[in-house]
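Numbers restart at 1 for each chain; the letters A, B, ... are given by sequence-line order, proteins then strands.
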Protein chains: 2
Amino acid sequence: MASIKDVAKLSEVSVATVSRVLNDKGYVSEDTRKKVEQAIAELNYRPNEVARSLFKKQSKTIGLIVPDITNPYFPELAKAVEDTAMKLGYTMILCNSDEDIEKEQRYLDILLQKYVDGIIVFSNTLSMDQIRKLNIPIVSIDREISKDLPTIVVNNKKGAKLASSFLREKGCKRIAHLRGPYGIVNADERYAGYMDVVAEEEWFHEGYIVNGDYDMHSSIEATTELLRLHPEIDGIFAASDTMAIGAIKAVHKLGMKVPEDISIIGFNGIRLSEATTPELTTIVQPIYELGETALTMLVKLIEQQPMEEIFYKLDVHLVEREST
Amino acid sequence: MASIKDVAKLSEVSVATVSRVLNDKGYVSEDTRKKVEQAIAELNYRPNEVARSLFKKQSKTIGLIVPDITNPYFPELAKAVEDTAMKLGYTMILCNSDEDIEKEQRYLDILLQKYVDGIIVFSNTLSMDQIRKLNIPIVSIDREISKDLPTIVVNNKKGAKLASSFLREKGCKRIAHLRGPYGIVNADERYAGYMDVVAEEEWFHEGYIVNGDYDMHSSIEATTELLRLHPEIDGIFAASDTMAIGAIKAVHKLGMKVPEDISIIGFNGIRLSEATTPELTTIVQPIYELGETALTMLVKLIEQQPMEEIFYKLDVHLVEREST
DNA sequence: TTGAAAGCGTTACCAG
DNA sequence: CTGGTAACGCTTTCAA
């Protein structure tokens, strides 16, 4: 690949001048600019980003850390981040933490060594202490790690209330909750929203809450057991679409029908929720907007542009399909 | 961040010596090594990868270009590549071409500028000419762009034959094919495999082949139309799982049942195929192995290690579930 | 309006 | 065994 020296030689000026036309900085006469531009075209020259990074101490690259790209929620998020990054001139390094603290830490180290300009984290384990040590712009998605940290979340509790009340309005008399893992904030919030709606009902019973671990297979088991113990249940609010799909499968295996015998509602609004039979009623998150906003914030942070907001709570809404 | 100079200063040796212990190269006395290592620990020093890249003209980074990370096939592939990359000390930049030639070219440019060491491409449009110009190691997945290019594909034709014969064995008398886009190699190959099995049947009819464009919604329409014109059809081989899911939905909407009235078989073996009702019988590809092998090849190329094979055709197998 | 030169953090060559 | 130094490709300051 041609270097700036080659361009300088061909256009008979110094590298300093070439650099000036490259960056549109400082004085360059119209004549020399033309010469240089021609040389650039002729050599098909592209500035070496690595050298630039070394000097500028920034790389026009950002990192995105997600727990599991294989979970259909994250590709949609990653695409949003990447799209927006591309538009703003940044490249994205994708990191799968596999929900493993060590792997997450290793990635953080690597990203720092590579001089990424900022990182978007989707993490349940990272502490504000660790983040501060990183000493580069960070944006957190889906979890409020600290008031100081730019964060974007979704209104989980409201969504959960929406879901639970909707089931009630649909005529469900006994509504169960298939919750996500204990200690995971969004799972706890969704649980809280459910409780807000049902706790005062005279039929309510602790046994109506089971843990599906945000996983399809666990949730098949959990649902099967739930319905064995409480055959009176006629509505299930699952804290994720994946778990809702598991619940549908379990119900089918027990010889019952969705929505005739049991209504099921999910959470997230991944595209997968349109692929099932019956199609899933669900609380949809604005996943694309989530990623887009996160990246936009991050870039503002990086480029030290003023930020109006350091905290966004995006709204969710209910999409009714066939499972209720 | 501390630099090599800081380490040199603290341990009272030259940067050259520090570099030697860092890279375990050349002679260093046990004593000085200890001193240096201590200083490194004390300063929590990590070598700057950007400076290293600049000097070595390589970055321990690879690019992965895929058409659409939102299509469930690709996250599984990306994870395999990333996992393996991490193990071998490489970082992955994920690029979504959106099947857009220009965007693909733009990414290629960016990756070159960033000195990535190699690229894995999953592309239907790239030509060998363009690839040669890149002048860095490239591995192609799923498409044979040229005999000279390290490539890894899957036995599409065999899989298609497997699928078609399986439907016949299951007792289907009229087997249709929901094919992928014309001109896309793997779609054409799967079509060819289907033809191999059915072309000689006296019932065979050109109208049994319709295009679902590798998309769920198109395939719902295509299937609906297909069954309207040919109500005698009792088996469908879809060239992708996504299309198979569309077909299932179409069949349901027409008031028929899978598999009682119509058997449906897919292709790819994405995890999604287990989430449907009924669960999908499908030809599964070893997606993880595909990504793993591709990355291993790429790294061999990069590090100039000997390669036994420059071309892999991985086998597929049939997994029977509920849709047949 | 232009060029020379220092410096970004490394590595590798050559002397000692 | 160790240190000095050029070089990687670029940007920026300072002088001219």
Side-chain angles (χ1 to χ4, degrees), chain A residues 1-37 39-40 43-61 89 109-117 135-136, chain B residues 1-37 39-40 43-61 89 109-117 135-136:
Chain A
M1 283 233 286
S3 87
I4 198 173
K5 281 188 192 163
D6 303 317
V7 178
K9 209 165 291 172
L10 185 60
S11 48
E12 299 174 300
V13 298
S14 72
V15 294
T17 305
V18 177
S19 176
R20 267 180 224 116
V21 348
L22 243 32
N23 300 290
D24 240 343
K25 246 180 198 167
Y27 298 102
V28 179
S29 77
E30 212 29 56
D31 268 10
T32 46
R33 151 164 280 116
K34 285 245 173 63
K35 266 197 306 186
V36 171
E37 273 164 356
I40 288 176
L43 294 170
N44 190 233
Y45 165 77
R46 314 294 246 105
N48 177 330
E49 283 302 330
V50 177
R52 276 189 164 165
S53 295
L54 181 60
F55 186 88
K56 298 240 199 125
K57 290 169 180 298
Q58 48 150 326
S59 59
K60 287 282 180 185
T61 304
D109 280 353
I110 293 177
L111 292 176
L112 280 189
Q113 282 184 55
K114 298 219 185 230
Y115 268 175
V116 296
D117 299 337
N135 209 19
I136 65 168
Chain B
M1 284 233 284
S3 86
I4 198 172
K5 281 187 192 162
D6 302 316
V7 178
K9 211 165 289 170
L10 185 60
S11 47
E12 300 175 299
V13 298
S14 73
V15 293
T17 304
V18 177
S19 177
R20 267 179 227 117
V21 349
L22 243 32
N23 299 289
D24 240 344
K25 246 181 200 167
Y27 299 102
V28 179
S29 76
E30 212 31 53
D31 267 11
T32 45
R33 150 164 279 117
K34 285 244 172 63
K35 268 196 306 186
V36 171
E37 273 164 356
I40 288 176
L43 295 170
N44 189 233
Y45 164 78
R46 314 296 243 104
N48 178 331
E49 283 302 329
V50 177
R52 277 189 164 167
S53 295
L54 181 59
F55 187 87
K56 298 240 198 131
K57 288 168 182 299
Q58 47 147 333
S59 59
K60 287 281 178 186
T61 304
D109 279 354
I110 293 177
L111 292 176
L112 279 189
Q113 281 183 57
K114 298 219 184 227
Y115 269 175
V116 297
D117 299 338
N135 209 19
I136 65 168

Would you kindly give the CZ-to-P distance between A/Arg20 and D/dT11, to the nearest whole Å?
11 Å
Could you check which of D/dG4, D/dT11, C/dG9 has an atom nearest any side-chain atom of B/Phe55?
C/dG9
Rounding to an integer number of Å, can you tell me how far B/Lys9 NZ sits from C/dG9 P?
11 Å
Would you mind reading off the distance between B/Tyr27 atom OH and C/dA12 atom P, rounded to a whole angstrom?
16 Å
Please work out if B/Val13 contacts a base, only the sugar-phosphate, or nothing of the nucleic acid, heavy-atom cut-off 4.0 Å.
sugar-phosphate
Can you tell me the distance, in whole Å, between the NZ atom of B/Lys60 and the C1' atom of C/dT11?
15 Å
How many whole angstroms separate atom CD1 of B/Ile4 from atom P of C/dT10?
5 Å
Minimum-distance nucleotide (side-chain atoms of B/Thr17 versus D/dC10, C/dG3, D/dG3):
D/dG3
Mind calculating the distance between CG (A/Asn48) and P (D/dC10) to the nearest angstrom?
5 Å
Spacing between A/Lys25 atom NZ and D/dT13 atom P, to the nearest angstrom
8 Å
Tell me the interatomic distance from A/Lys56, atom NZ, to C/dG9, atom C1', rounded to whole angstroms.
17 Å
What's the closest nucleotide to the A/Ser19 side chain, out of D/dT11, D/dG9, C/dT10?
D/dT11
Side chain of B/Tyr45 only, please: which of D/dT11, C/dT10, D/dT2 is the nearest?
C/dT10
If the helix axis at each end comes from five base pairs, how far does the helix from C/dT1-D/dA16 to C/dG16-D/dC1 deviate from straight, to 10°?
50°
B/Lys114 versus B/Thr61, side-chain donor and acceptor atoms under 3.5 Å
no
